[in-house]
Amino acid sequence: MAPQKTPDASRRSDRSRRAIYDAALALVGESGYRRTTIEGIAARAGVGKQTIYRWWPSKAAVLMEAFLDLAARAAEQAGPRAGGTEHGIPDTGDLAADLKFVLRATVDELNDPLMEAPTRALTAEGIVDAKLGAEFIEKLLDPSLALYVTRLRAAQEAGQLRADADPRIALELLIAPLTHRWLLRTLPLTHAYADAIVDYALGGLTPRP
C-alpha cells in the first residue's frame, strides 16, 4: 500500500487565497463595494468566514489586497517594457513615444472588463470613504505616479522639458484627461485619444512662434 502524502498546507492556502481574491473582485464588480460582504466573499470562494478573518482584518483589506494582486498580475502579463525597467515607463530617448506607449497601455487596462469593474467600484467608494481612498492612493496610485515623475525628470535632464516644469503637474496633464473620460464615460477611451493627450500636453495649445 502506497504511503499517503501529507497535504501541502501552503499550497492549499495559496489556492484559498486566490479563490478569495477572485471572489472579492467578482462581487465588488457585480454588486458594488458596499453590498459586497465578507460572508458573500467566503461563500463565493468556498471557504469559511474564519479563514478570511484570519488573514485580513476587514472587507476593505481583502479588496485592496485582491486589487493590488490583480494589478501586479496585469503588469507581469504585459512583460518588460522596451527601453525601460520591468514595469516602469520606457526611456528610449523619445519622450512623446514613451508617454504614448504607457498611456495606450493604461487605456487597455481601463477598458479590460476584468480590471474595469473593481477599479470603478473602489474608485467610487474611495471618494466617500476617506480611509479607503487614502489607502487606494498610497498603495496603488502614488507608486504609479512616481514612475511618471521619474521619467519626466529624466526628460528635463535631457533638455526635452522646461527646467522649471513641475513633474507632478505635468503628469496630471497626462493622467487626468484619461481618468475624466473613463469615469464619466463622456466619449470612448481609445489609443488615438491617448496619443492626442500626449501631443497636446507636450506641444501646448498656443501658436508657436
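Note that the numbering runs from 1 along the sequence shown for the chain.
- Between Asp14 and Arg18, the closest side-chain pair of non-hydrogen atoms is not below 4.5 Å.
- For the pair Lys131 and Phe136, the NZ or CZ position fails the cation-pi test of under 6.0 Å to the six-membered ring centre and within 45 degrees of the ring normal.
- Hydrophobic clustering, with ILVMFWY side chains joined whenever heavy atoms are under 4.5 angstrom apart, groups Leu25 together with Leu122.
- The structure places OH of Tyr33 at 5.0 Å from CG of Leu132, a figure rounded to the nearest 0.5 Å.
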Worked verdict on Arg17 versus Trp56 for side-chain contact (heavy atoms from CB on, under 4.5 Å): CA-CA 11 Å; Arg17 191 178 295 272; Trp56 297 279; 3.5 Å; yes
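- A donor-acceptor pair under 3.5 Å is absent between the side-chain atoms of Asp69 and the main chain of Tyr21, judged by distance alone.
- In this structure, OH in Tyr53 is found 10.0 Å from NZ in Lys59, a value given to the nearest 0.5 Å.
- We find the CD-CG distance between Glu109 and Leu114 to be 10.0 Å, quoted to the nearest 0.5 Å.
- With rounding to the nearest 0.5 angstrom, the OG atom of Ser13 is 7.5 Å from the CZ atom of Arg54.
- Rounding to the nearest 0.5 Å places CG of Leu27 at 7.5 Å from OG1 of Thr37.
- A continuous path of ILVMFWY side-chain contacts below 4.5 Å connects Leu95 to Ile89, so both sit in one hydrophobic cluster.
- Contacts of Arg153 classified as salt bridge (Lys or Arg N to Asp or Glu O under 4.0 Å), with partners at least two apart in sequence or in another chain: none.
- Leu202 and Leu147 fall within the same hydrophobic cluster, where Ile, Leu, Val, Met, Phe, Trp and Tyr residues are linked whenever their side-chain heavy atoms come under 4.5 Å apart, directly or through other members.
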Distance-only check: which donor-acceptor pairs under 3.5 Å involve side-chain atoms of residues 175-187, not counting sequence neighbours?
unit_1 : atom_1 : unit_2 : atom_2 : d
Thr179 : OG1    : Ile175 : O      : 3.1
Arg181 : NH1    : Pro188 : O      : 2.9
Trp182 : NE1    : Leu110 : O      : 3.2

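- The two residues Gln156 and Leu161 come nearest to each other via the heavy atoms CG-CB, 3.8 Å.
- Cluster membership for Ile197 and Leu152, using ILVMFWY side-chain heavy atoms within less than 4.5 angstrom, is shared.
- Pro118 has its side chain within reach of Leu70: a pair of non-hydrogen atoms, C-beta onward, lies under 4.5 Å apart.
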Side-chain polar contacts of residues 38-50 - donor-acceptor pairs under 3.5 angstrom, sequence neighbours left out - could you list them?
unit_1 : atom_1 : unit_2 : atom_2 : d
Arg44  : NH1    : Glu30  : OE2    : 3.4
Arg44  : NH2    : Glu30  : OE1    : 2.9

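- Here Leu189 contributes atom CG and Asn111 contributes atom CG; the two are 5.0 Å apart, rounded to the nearest 0.5 Å.
- When the salt bridge (Lys or Arg N to Asp or Glu O under 4.0 Å) test is applied to Arg34, the partners found at least two apart in sequence or on another chain are Glu125.
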Review item, side-chain donor-acceptor pairs of residues 99-106, under 3.5 Å, at least two apart:
unit_1 : atom_1 : unit_2 : atom_2 : d
Lys100 : NZ     : Asp199 : OD1    : 3.0
Arg104 : NE     : Asp195 : OD1    : 3.1
Arg104 : NE     : Asp195 : OD2    : 3.4
Arg104 : NH2    : Asp195 : OD2    : 2.6
Thr106 : OG1    : Val102 : O      : 3.0

Identify every side-chain donor-acceptor pair in residues 138-145 under 3.5 Å, counting partners at least two apart or on other chains, and give the distances.
unit_1 : atom_1 : unit_2 : atom_2 : d
Lys139 : NZ     : Glu135 : OE2    : 2.7
Ser144 : OG     : Leu140 : O      : 3.2

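- Under the 4.5 Å side-chain heavy-atom criterion for Ile, Leu, Val, Met, Phe, Trp and Tyr, Leu171 and Val107 are members of the same hydrophobic cluster.
- Classification of Asp166 and Arg168 as a salt-bridged pair fails, no side-chain N sitting under 4.0 Å from a carboxylate O.
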